[in-house]
Amino acid sequence: MKAVVSRTYGDAGVLRVAEVGRPRIGDGDVLVRVRAAGVERASWHVMTGLPYAIRLGMGVRRPRVPVRGRQLAGVVEAIGRDVSTVRPGDEVYGTTGSGSWSQFAVAQPSRLAIRPANVSFEQAAVVPISGGTALQAVRDAARVRPGQRVMVIGAAGGVGSFAVQVAAALGARVTAVCAPSAVDVVRSLGADDTIDYTREEVDRDGPCYDAIIDTGGNRPLRLLRRALAPRGTLVIVGGEGSGKILGMGRVLRAPLVSLATARRMRGLVAVEQARILDDLRELIESGRVTPLVDRVYPLDRAADAVRHLAGGHPIGTVALSVA
């Protein structure tokens, strides 16, 4: 089968399209014929091996799994004898550990679900990680309720664009922090107000936000605290801007800072589970959430897709078309 592989860490130049063997499934596995794959920030981290801490799980000197990508949408090709939740022919979406930038991938049934029927394969493929992270950040970690004021930092990005929609679906009043070029888009997603980060800071309105979902990753905790209501909650998604070694500095400091205040400050460790995908499908099919895809690239242009993600500041997410 055709797949995008990298056998060393580095920039997008390490990616190659190659013919590799089709993965085999065990009794508890699902073989998916991939129709589309998501290109999320985590793909860049795995490709570059940065921050270095992720190499402890991915391979110290080189990636243990050569095929890149985690998110997918496609059709079940075959199932192991112990699998009962999906059947051959089912259209599914979810995540894989075998690499999704390929024509076939092996996935665990606990990380797959029937894909939303009202969106394309490309749209479905960008949901599992970005949408799942946003749902857990807004609904589960921040516990957003109707009428609350919620700020989403990085509102036009992959996780942020989902977070704006989830918060709005839960009845919150959403302020989106984004570039001026993205204002119209984030308002169309449900934002009631916007902050242009090139002109204003997030503490513009004082300590009034019941929840802040920070997907931007580089603002000091003291600045974010100035925007939180006295009993508000800050949820930090990811470790961008926190260094090449560990990459999770703010995530680790937030709970310590939280001990000295009534404000809750925490980092999010999202899980990948079928129940989360089922909840997302319900939101998408109801029209309350729509995956925002900035660009779709063919599989053999995966390197260009990564370059666009890393340097082009896409509005929404990036996908690969595999079919």
Original post:
Is there a path from V166 to V119 through hydrophobic residues (I, L, V, M, F, W, Y) whose side chains come within less than 4.5 Å of each other?
Top reply: yes
**OP:** Quick one: pull up CG in L277 and CD in E282 and give me the separation to the nearest 0.5 Å.
**Re:** 13.0 Å
Original post:
Do any N or O atoms from the side chain of E40 and from the backbone of G158 form a donor-acceptor pair under 3.5 angstrom?
Top reply: no
**OP:** Tell me whether I195 is reachable from L228 by hopping between hydrophobic residues (I, L, V, M, F, W, Y) whose side-chain heavy atoms are closer than 4.5 Å.
**Re:** yes
**OP:** Please determine which of L72, I129, L112 meets the side-chain contact (heavy atoms from CB on, under 4.5 Å) test together with T95.
**Re:** I129
Original post:
Taking NZ, NE, NH1 and NH2 as the nitrogens, is one of them in R35 or E91 under 4.0 Å from a carboxylate oxygen of the other?
Top reply: no
Original post:
How long is the gap from CZ on R187 to OG1 on T194, to the nearest 0.5 Å?
Top reply: 4.5 Å
Subject >> Same apolar cluster (I L V M F W Y, side chains within < 4.5 Å links), Y209/L221 >> reply: yes
Original post:
Do R225 and M265 come close enough that some side-chain heavy atom pair is under 4.5 Å?
Top reply: yes
Subject >> Pairwise distance CD1(I79) to CD1(I25) - rounded to 0.5 angstrom >> reply: 7.5 Å
Original post:
Looking at CZ of F162 and CD1 of I213, how far apart are the two atoms once the value is rounded to the nearest 0.5 Å?
Top reply: 15.0 Å
**OP:** Could you check E19 against K2 for side-chain contact (heavy atoms from CB on, under 4.5 Å), going step by step and ending with a plain yes or no?
**Re:** CA-CA 5 Å; E19 290 290 331; K2 183 187 294 185; 4.1 Å; yes
**OP:** Can you see which heavy atom on P207 is nearest to which on P230, and at what distance?
**Re:** O-CD, 4.2 Å
Original post:
So do I284 and Q123 actually touch side chain to side chain, heavy atoms under 4.5 Å?
Top reply: no
Subject >> Polar side-chain atom of T133 near backbone of S130 as donor-acceptor pair, under 3.5 Å >> reply: no
**OP:** Determine, step by step, whether L224 and D214 satisfy the side-chain contact (heavy atoms from CB on, under 4.5 Å) criterion, reporting the C-alpha distance in whole Å, the side-chain angles of both residues, the deciding distance to 0.1 Å, and the verdict.
**Re:** CA-CA 9 Å; L224 298 172; D214 182 9; 3.6 Å; yes
**OP:** Report yes or no: does D192 contribute a side-chain atom to a donor-acceptor pair with the main-chain N or O of V174 at less than 3.5 Å?
**Re:** yes
Original post:
Less than 4.5 Å apart, any side-chain heavy atom of R143 and any of T233?
Top reply: no
Original post:
Only one of R173, R149, R231, R145 forms a side-chain contact (heavy atoms from CB on, under 4.5 Å) with D210, so which one is it?
Top reply: R149
Original post:
Linking I/L/V/M/F/W/Y whenever their side-chain heavy atoms sit closer than 4.5 Å, directly or via other members, would V76 and V34 fall into one cluster?
Top reply: yes
**OP:** Identify the two heavy atoms, one from S102 and one from M1, that lie closest to each other, and give their separation to 0.1 Å.
**Re:** CB-CE, 3.9 Å
Original post:
Do other residues, nucleotides or ligands put more than 12 heavy atoms under 6.0 Å from D82 CG?
Top reply: yes
Original post:
Which pair of non-hydrogen atoms, one from S6 and one from R68, has the smallest distance, and what is that distance?
Top reply: OG-NH1, 2.8 Å
Original post:
Are the side chain of D90 and the backbone N or O of V92 linked by a donor-acceptor pair below 3.5 Å?
Top reply: no
Subject >> Expected output: side-chain R288 to main-chain E285 donor-acceptor under 3.5 Å >> reply: no
Subject >> From S100 atom OG to L320 atom CG, the distance as rounded to the nearest 0.5 Å >> reply: 7.5 Å
Subject >> V177 to I153 - nearest heavy-atom pair and separation >> reply: CB-CA, 3.9 Å
Subject >> Closest heavy-atom pair and its distance - Y93, P128 >> reply: CD1-CG, 3.9 Å
**OP:** Mark yes or no for whether Q165, through its side chain, and G190, through its backbone, hold a donor-acceptor pair below 3.5 Å.
**Re:** no
Subject >> Side-chain donor/acceptor of R62 to backbone N/O of P66, under 3.5 Å >> reply: no
Original post:
Does any non-hydrogen side-chain atom of M151 lie less than 4.5 Å from one of D205?
Top reply: no
Original post:
Just how far is it from atom CG of L189 to atom SG of C178, taken to the nearest 0.5 Å?
Top reply: 10.0 Å
Original post:
So do the side chains of I276 and L135 get within less than 4.5 Å of each other, counting heavy atoms only?
Top reply: yes
Original post:
Step by step, would you call V14 with Y9 a side-chain contact (heavy atoms from CB on, under 4.5 Å)?
Top reply: CA-CA 7 Å; V14 303; Y9 294 116; over 6 Å; no
**OP:** Find out whether T175 and V152 are in side-chain contact, i.e. whether some heavy atom of one side chain is under 4.5 Å from a heavy atom of the other.
**Re:** no
**OP:** Locate the shortest heavy-atom distance separating P109 from G28; write the atom from each residue and the value.
**Re:** CD-O, 3.1 Å
**OP:** Let me see the working for L31 and D29 under side-chain contact (heavy atoms from CB on, under 4.5 Å), right down to the final yes or no.
**Re:** CA-CA 7 Å; L31 181 66; D29 297 330; over 6 Å; no
**OP:** For residues I236 and L234, determine if any side-chain heavy atom of one lies less than 4.5 Å from a side-chain heavy atom of the other.
**Re:** yes
Original post:
Between the main-chain N or O of G38 and the side-chain N or O of W101, is there a donor-acceptor pair closer than 3.5 Å?
Top reply: yes
**OP:** For the pair R226 and E201, find out whether any cationic side-chain nitrogen is under 4.0 Å from an anionic carboxylate oxygen.
**Re:** no
Original post:
If you group Ile, Leu, Val, Met, Phe, Trp and Tyr by side-chain heavy-atom gaps below 4.5 Å, do V39 and M47 land in one group?
Top reply: yes
Original post:
Tell me, do V306 and L15 make a side-chain contact under 4.5 Å, heavy atoms counted?
Top reply: yes
Original post:
Looking at R281 and D278, does any basic side-chain N land under 4.0 Å from a carboxylate oxygen?
Top reply: yes
Original post:
Transitive ILVMFWY cluster of F121 at side-chain heavy atoms under 4.5 Å: who else is in it?
Top reply: V75
Original post:
Okay, side chain of R199, backbone of Y197: is any donor-acceptor separation there less than 3.5 Å?
Top reply: no
Original post:
With a distance cut-off below 6.0 Å to the six-membered ring centre and an angular limit of 45° from the axis, does R22 pair with F104 as a cation-pi contact?
Top reply: yes
Original post:
Does V106 offer a backbone N or O that forms a donor-acceptor pair with the side chain of T96 under 3.5 Å?
Top reply: yes
**OP:** Using a strict cut-off of less than 4.0 Å between a Lys/Arg side-chain nitrogen and an Asp/Glu carboxylate oxygen, indicate whether D193 and R204 qualify as a salt bridge.
**Re:** yes
